[in-house]
Amino acid sequence: RIQCLDELLVVTPIMRLKESFYYYYICYTLWIVTIRGEPTPANADYYIGAVVEFPALTVSGAASTLKRLGEFRRLLEDADIRPDIVVFPEGVLNDRQTAIVVPKPSEAVIPCDADEVYYDYIISRTSCYARTLSLYVLINVVEVQNCTQTGDIENLIANCAIYNTNVVFDRSGTVISRYRKYNLFGSEWLYFNYTTQPEEEAIFPTDFNVTFGHFTCMDVLYARPAQALVQRGITDFLHPSKWQSQLPFMTAVQLHQSWAYSNDVNLLVAGTNDPHNGCTGTGIYAGKYGTLIATLTSDEKQSKLHVSVVPKKYNTTVNTRVMEDFKLAQSETRVLEDDVLARFTGVALARNDNIDLFVTQPLGVLANESETLQQQLCHNDLCCNFYIERHANLVANVSTSSYYYRLAAFHGIGSFLNTEPEALAVCTLFACTGDHIYTCGRIYEENVPVVPSYTFDVIRITGNFTRKRPSLLLPTSVNSLLMPLAVDAFEWQMVEYSNVSVVNLTLVQSRADLLTFGIYANYFLDDTAYDHHNKDAAGGFVAAAWLIWLSLLMQVYS
């Protein structure tokens, strides 16, 4: 619970004034909002955001959906602090066998006022929750359009338009925004359609003077709609997700913090919990100020509401003041316990097989107690310069398990989860469980105690990234708890020239728990031959990629 709110609940404002009048004012406003359930004032420098982590849908049918809706309501009603806006995860309410019709926002309907014969109970009951609790609510559903409902699922898929859809309700229960997922992933291509104008559908204003954009899961990797909305000046985003984490660059919290940081936007992520299939990760991120809340779980049944004050993106002075007054600075969990790494191993992690194609250089065993290393690696038109200072951990020995490390450079076409094409460029250091490249992007099993063989005191990485295509450059990091480094643990500098961006990333705090630390450039493939909306081109790419990897592995093991 927020500290100033706790203080105001214990003593009256007259008995205990803060030295800062602003601190007192903003805390008192929060007290009013919480106790009376009133919205945050439009002129406040913050709003109260909430995200929900929720179990994956495993049983289809009305009974399951009704139970889940009841859990949604319980989470909202039991909240200690009443949020202004709440986001629920992707794919947790219904499926294609129970697809529903979603009202057009242009109709400005309040389904709570109508009989459920006109609107599905998912829509009508969520509308009532939003109105009763005076919240903005985003849910994700499977939507069917222009179709007569049928119990024949094959007929439904063959003859109807089916979408993975976000629906937003305002405080009155009115449907005010509807976004149909644009960037489908894997098997979604088999039974979902996609919208043709994603940016037009994914924006809505609020009464607390913030305009939000929203998108779903894989959309975060693409220019449309996510980057297009950033370029429009949208500063706050809602992101229902069922993210499948992948090492070394694409674990959930790692990616979400770095995306928000690089764009300097607020990002509210509601994650589906399905850890056995690699899915978990919920958080609220405040751009350059880092993570406000982030969580991973190994409990596939966990459902929880997370609430945080979120500073509005006015200017640096206001943001800093809100962060300081509410003590929102990111903190990190202790990662060394009696010289053994604290680790999170409760989620099934995929491995990015692109790294088998990288130019890499192993970091050898330390010859002395400390060492300074400089190395340059180049791939195609990208050159990466590494400067590293490290010292030995004298507790580690031949009988203990430790991570190995490699430096790496790459610029080319790869794929995400061996399915979706991506163009990327990286300058990075990543961990391995052995001295072969095949062991990189993996972690030790849960029952293996890991003792770091050395500590990194300084890591400085510089890369020259071409500007031939639109791209997003991100600082990427993840530790043994599968959490990114706090934003004060590194320095990020980027200078853009006409045809190249020169990026410097520096580790400024000693670390012994790194799994990844580097620069990741995502070159957007929208409107190219690799655009995954061109299914023939994308399918051809995946087949070719598999042949490349198979050929490489045959060479390695022959």
Side-chain angles (χ1 to χ4, degrees), residues 227 230 248-250 254-265 285-291 316 330 332 355 358-361 363 370-391 405-412 423-431 454-479 483-524:
Q227 285 305 126
V230 173
F249 308 115
M250 293 285 177
Q254 170 190 16
L255 173 65
H256 295 143
Q257 176 182 284
S258 62
W259 188 89
Y261 179 93
S262 291
N263 287 306
D264 196 18
V265 297
Y285 310 89
K288 299 293 185 184
Y289 293 92
T291 298
T316 302
Q330 185 177 3
E332 292 193 74
I355 64 179
F358 289 8
V359 173
T360 67
Q361 175 67 44
L363 284 182
S370 62
E371 178 184 80
T372 298
L373 168 71
Q374 296 187 67
Q375 179 73 50
Q376 183 181 76
L377 296 178
C378 297
H379 183 257
N380 293 330
D381 59 357
L382 171 66
C383 281
C384 307
N385 292 289
F386 299 88
Y387 173 85
I388 294 174
E389 295 178 11
R390 55 181 177 154
H391 71 267
Y405 290 92
R406 282 180 178 259
L407 309 178
F410 179 79
H411 186 191
L424 66 151
V426 295
C427 294
T428 191
L429 170 147
F430 49 65
Y454 45 79
T455 297
F456 293 101
D457 298 306
V458 177
I459 302 175
R460 185 175 300 114
I461 304 174
T462 303
N464 57 321
F465 294 83
T466 180
R467 300 186 66 192
K468 293 179 181 177
R469 288 200 55 76
S471 62
L472 179 64
L473 279 73
L474 313 110
T476 183
S477 66
V478 67
N479 65 19
M483 288 289 175
L485 303 189
V487 295
D488 61 358
F490 63 86
E491 292 179 353
W492 171 263
Q493 297 176 321
M494 182 168 64
V495 180
E496 294 183 332
Y497 299 97
S498 59
N499 60 349
V500 68
S501 295
V502 177
V503 182
N504 290 279
L505 176 67
T506 304
L507 178 71
V508 296
Q509 297 177 2
S510 295
R511 307 295 299 213
D513 61 333
L514 294 178
L515 295 181
T516 303
F517 185 78
I519 306 166
Y520 188 96
N522 179 16
Y523 288 90
F524 300 120

*Check the pair Y523, K468 against side chain to side chain contact (heavy atoms under 4.5 Å, CB included), reporting the backbone distance first and the verdict last.*
CA-CA 9 Å; Y523 288 90; K468 293 179 181 177; over 6 Å; no
What's the separation between atom [atom1] in [X] and atom [atom2] in [Y], rounded to the nearest 0.5 Å?
X: R406; Y: T360; atom1: CZ; atom2: OG1; result: 4.0 Å
X: I519; Y: N504; atom1: CD1; atom2: CG; result: 7.0 Å
X: F517; Y: L505; atom1: CZ; atom2: CG; result: 3.5 Å
X: L485; Y: T291; atom1: CG; atom2: OG1; result: 10.5 Å
X: L474; Y: M494; atom1: CG; atom2: CE; result: 9.5 Å
X: N499; Y: T466; atom1: CG; atom2: OG1; result: 6.5 Å

[X] side chain near [Y] side chain, heavy-atom distance below 4.5 Å:
X: Q254; Y: T476; value: yes
X: R390; Y: L363; value: yes
X: C427; Y: F465; value: yes
X: W492; Y: L473; value: yes

*Sort out for me which residue in F456, F386, F430 forms a ring-ring contact (aromatic ring centres under 6.0 Å, His included) with Y405.*
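Of the listed options, the one satisfying the test is F456.
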_When you measure from the side chain of N380 to the backbone of H411, do you find a donor-acceptor pair of N or O atoms at a distance under 3.5 Å?_
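Judged by distance alone, yes, a pair lies under 3.5 Å.
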*Check whether any side-chain N or O of R469 sits under 3.5 Å from a backbone N or O of F524 as a donor-acceptor pair, and report yes or no.*
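Yes, because the side chain of R469 sits within donor-acceptor range (under 3.5 Å) of the backbone of F524.
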*Let me see the working for Y520 and M250 under side chain to side chain contact (heavy atoms under 4.5 Å, CB included), right down to the final yes or no.*
CA-CA 10 Å; Y520 188 96; M250 293 285 177; 3.3 Å; yes
*asked:* Checking E389 against S370: is there a side-chain donor and acceptor pair closer than 3.5 Å?
replied: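 No, no side-chain donor-acceptor pair sits under 3.5 Å.
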*Could you tell me whether the side chains of N385 and Q374 share a donor-acceptor contact shorter than 3.5 Å?*
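There is no such pair (donor and acceptor under 3.5 Å, judged by atom type) between the side chains of N385 and Q374.
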*Are C384 and C378 close enough, and set up right, to give a disulfide bond (SG atoms under 2.5 Å apart), and what steps lead you there?*
CA-CA 6 Å; C384 307; C378 297; over 6 Å; no
*Taking the inter-plane angle between the rings of H379 and F410 on a 0 to 90° scale, is it parallel (under 30°), tilted (30 to 60°) or perpendicular (over 60°)?*
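Plane angle under 30°, so parallel.
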*Shortest non-hydrogen contact from L514 toward A431*: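 Residues L514 and A431, closest heavy atoms: O-CB, 4.0 Å.
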